[in-house]
Protein chains: 2
Amino acid sequence: MARLPVYLRALNSLLEAEVRSCSSEELATAAGVNSAKLRKDLSHLGSYGTRGVGYDVEYLRYQISREIGLTQDWPVVIVGIGNLGHALANYSGFSSRGFRTVALLDADDSRTGELVAGLKIRAFRELTAIVHEHGVAIGVIATPAAAAQSVCDQMVSAGIRSILNFAPTVLTVPDGVDVRMVDLSSELQILAYHEQRKAQLQSGDAPVVATGSEGVA
Amino acid sequence: MARLPVYLRALNSLLEAEVRSCSSEELATAAGVNSAKLRKDLSHLGSYGTRGVGYDVEYLRYQISREIGLTQDWPVVIVGIGNLGHALANYSGFSSRGFRTVALLDADDSRTGELVAGLKIRAFRELTAIVHEHGVAIGVIATPAAAAQSVCDQMVSAGIRSILNFAPTVLTVPDGVDVRMVDLSSELQILAYHEQRKAQLQSGDAPVVATGSEGVA
DNA sequence: AAGAGTTTGTGAACGTGGGAACAAACCGAG
DNA sequence: CTCGGTTTGTTCCCACGTTCACAAACTCTT
């Protein structure tokens, strides 16, 4: 479930505040969701709460970590060390949560050897060897859109089965391979859409149900 | 709708390939969605297709752009110029789609004046003045988690009503303000979760419905 | 030990979104 | 002009996720 990481983060915050135990209501507000939803989500993992008391923060945190798979080590490869790849390589949120960046790859050979976040950039052609050596299962694509599908295909044939894609392209992959896409400009566009709606409502167009046909010749 | 940007991107690709007209089926596969869903989405904007023929690529592209609000100019402020803020400032996907970064702000005064992506970093305290001067409606938060809520509050009181949050925290905002959260490590965690499930299936645990209670003392 | 007060876990209603199927509409050939 | 082929726009249906509401279960006080 996509909300488990959010719960985990909320639990970490509570733990930092030295809160030992919490109710579903508290945790739900901290995570920004409905308490019933939270309880149902947690009940899918097992009965880790105590009725009349709540959840033990430390214990629940461990159980969610285990469910997500954060108790094991996940070697990760990042391909495309441009501005974004650079930022991802330095992002502390990865390393602090069981993800270990084992290699930074770039197709531009002139960058090979350059030191980024304590790792030397290596040539993209080394991908397969690195995947096999470290047992990499997760790859991150931070290349330009034009290169993304090719990189993706080579990741899949090298044995990677989970891909996090930052390139603004729809990737096609065989069954059994998971792709998650993070599209930065799409996020801004969605905000702009809502912003525009808000502006229209305030300017008095509110009562008219938008048909989209007004003003079109 | 959150899929409009995806359609828009697909249309741009078709336009680059000099495709003048396309059916819902073609566009749907290019966008990676079901054709019925695409038609239903588009019909919400108006009747921009022709039965028996399909959609005019250029015309549909303009209509979607207009619906999202990309035909107008959106000034954007980025707060927190660390690794990620740096990458965002340089990200071409923003500027090429009607979004104009008008200021980069950072709380660390020692960085004021530093040149990033052709803009000088300015002090965070200038936020309100900049928002009013440029009519900024969209803010991007790329600060550490600890500072995010404070930055968010000041953005809201300065008049910003749409926020793109990259800090790993749930932001609380008053009604009428939109927040979209992009959590990089959550994305990786979700991949790890699916990856773990795949690994478990292959190792023979498949027939057992996971209860989460096995192996717990 | 019993009851009052909490809080979890879950069963049932509700609403939303997705997908298949079909009617309406358009084009081109004869 | 008519008819067959094609494609959109829409309706209906289903399944999923969310939320409400309540019973089960636990703690603490008396």
Side-chain angles (χ1 to χ4, degrees), chain A residues 1-7 10-11 14 19-64 67 170 181 186 190 193-194 197 209-214 216, chain B residues 1-7 10-11 14 19-64 67 170 186 190 193-194 197 209-213 216:
Chain A
M1 201 72 79
R3 283 184 298 268
L4 289 183
V6 180
Y7 301 157
L11 287 170
L14 289 177
V19 177
R20 300 302 207 125
S21 161
C22 72
S23 70
S24 65
E25 202 73 43
E26 295 172 74
L27 186 55
T29 54
V33 300
N34 184 297
S35 68
K37 179 157 48 172
L38 180 133
R39 286 201 301 277
K40 188 161 286 191
D41 286 346
L42 294 186
S43 74
H44 270 279
L45 317 184
S47 269
Y48 295 140
T50 314
R51 304 184 185 206
V53 179
Y55 298 92
D56 181 275
V57 175
E58 172 70 41
Y59 181 56
L60 184 58
R61 189 180 75 104
Y62 172 74
Q63 292 299 341
I64 293 182
E67 181 73 15
V170 177
M181 179 159 172
S186 281
I190 294 168
Y193 172 79
H194 291 303
R197 306 277 288 200
V209 175
T211 66
S213 60
E214 312 95 337
V216 177
Chain B
M1 204 70 78
R3 282 183 298 270
L4 289 183
V6 181
Y7 301 157
L11 286 171
L14 290 176
V19 177
R20 299 303 207 121
S21 163
C22 72
S23 70
S24 65
E25 202 72 44
E26 294 172 76
L27 186 55
T29 53
V33 300
N34 183 296
S35 68
K37 179 156 49 172
L38 180 134
R39 286 200 301 277
K40 190 176 292 187
D41 286 344
L42 294 186
S43 73
H44 270 279
L45 318 184
S47 269
Y48 296 139
T50 312
R51 304 184 183 204
V53 179
Y55 299 93
D56 182 276
V57 175
E58 173 68 41
Y59 181 57
L60 183 58
R61 188 180 75 104
Y62 172 74
Q63 291 299 341
I64 292 182
E67 180 74 14
V170 177
S186 281
I190 294 167
Y193 173 77
H194 291 305
R197 305 277 287 201
V209 174
T211 65
S213 60
V216 175

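Within every chain, numbering begins at 1; the chains are lettered A, B, ... in the order of the sequence lines, protein sequences first and strands thereafter.
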**OP:** Show the numbers, then the answer: is there a side-chain contact (heavy atoms from CB on, under 4.5 Å) between A:Glu67 and A:Leu4?
**Re:** CA-CA 9 Å; A:Glu67 181 73 15; A:Leu4 289 183; 4.0 Å; yes
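- Applying the salt bridge (Lys or Arg N to Asp or Glu O under 4.0 Å) test to every pair with at least one member in residues 52-62 of chain A, sequence neighbours left out, gives these pairs: A:Glu58-A:Arg61.
- Under the salt bridge (Lys or Arg N to Asp or Glu O under 4.0 Å) criterion, the residue pairs touching residues 29-53 of chain B are B:Arg3-B:Asp41, with sequence neighbours excluded.
- Nearest heavy atoms, B:Pro5 versus A:Ile190: CG-CG1, 4.2 Å.
- Put simply, the side chain of B:Ile64 reaches to within 4.5 Å of the side chain of B:Leu42, judged on heavy atoms.
- When each of A:Tyr55, A:Tyr62, A:Tyr59 is paired with A:Tyr48, the ring-ring contact (aromatic ring centres under 6.0 Å, His included) condition holds for A:Tyr59 and for no other.
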Original post:
Which parts of nucleotides 25-30 of chain D does protein reach within less than 4.0 Å, heavy atoms only, written one letter per nucleotide 5' to 3' as B for base, S for sugar-phosphate only and - for none?
Top reply: BBS---
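- A heavy atom closer than 4.0 Å to some atom of DNA chain C occurs in A:Arg39, A:Lys40, these being the qualifying members of residues 25-41 of chain A.
- Residues B:Leu14 and B:Cys22 approach most closely at CD1-SG, 4.0 Å, considering heavy atoms.
- Closest non-hydrogen pair, B:Ala31 versus A:Val170, comes out as O-CG2, 3.8 Å.
- When DNA chain C is scanned 5' to 3' for any atom under 4.0 Å from a heavy atom of chain B, the first and last hits are C:dG18 to C:dC27.
- In terms of the side-chain contact (heavy atoms from CB on, under 4.5 Å) criterion, residue partners of A:Ala28 (sequence neighbours excluded) are, by chain and number, A:Val33, A:Ser35, A:Leu38.
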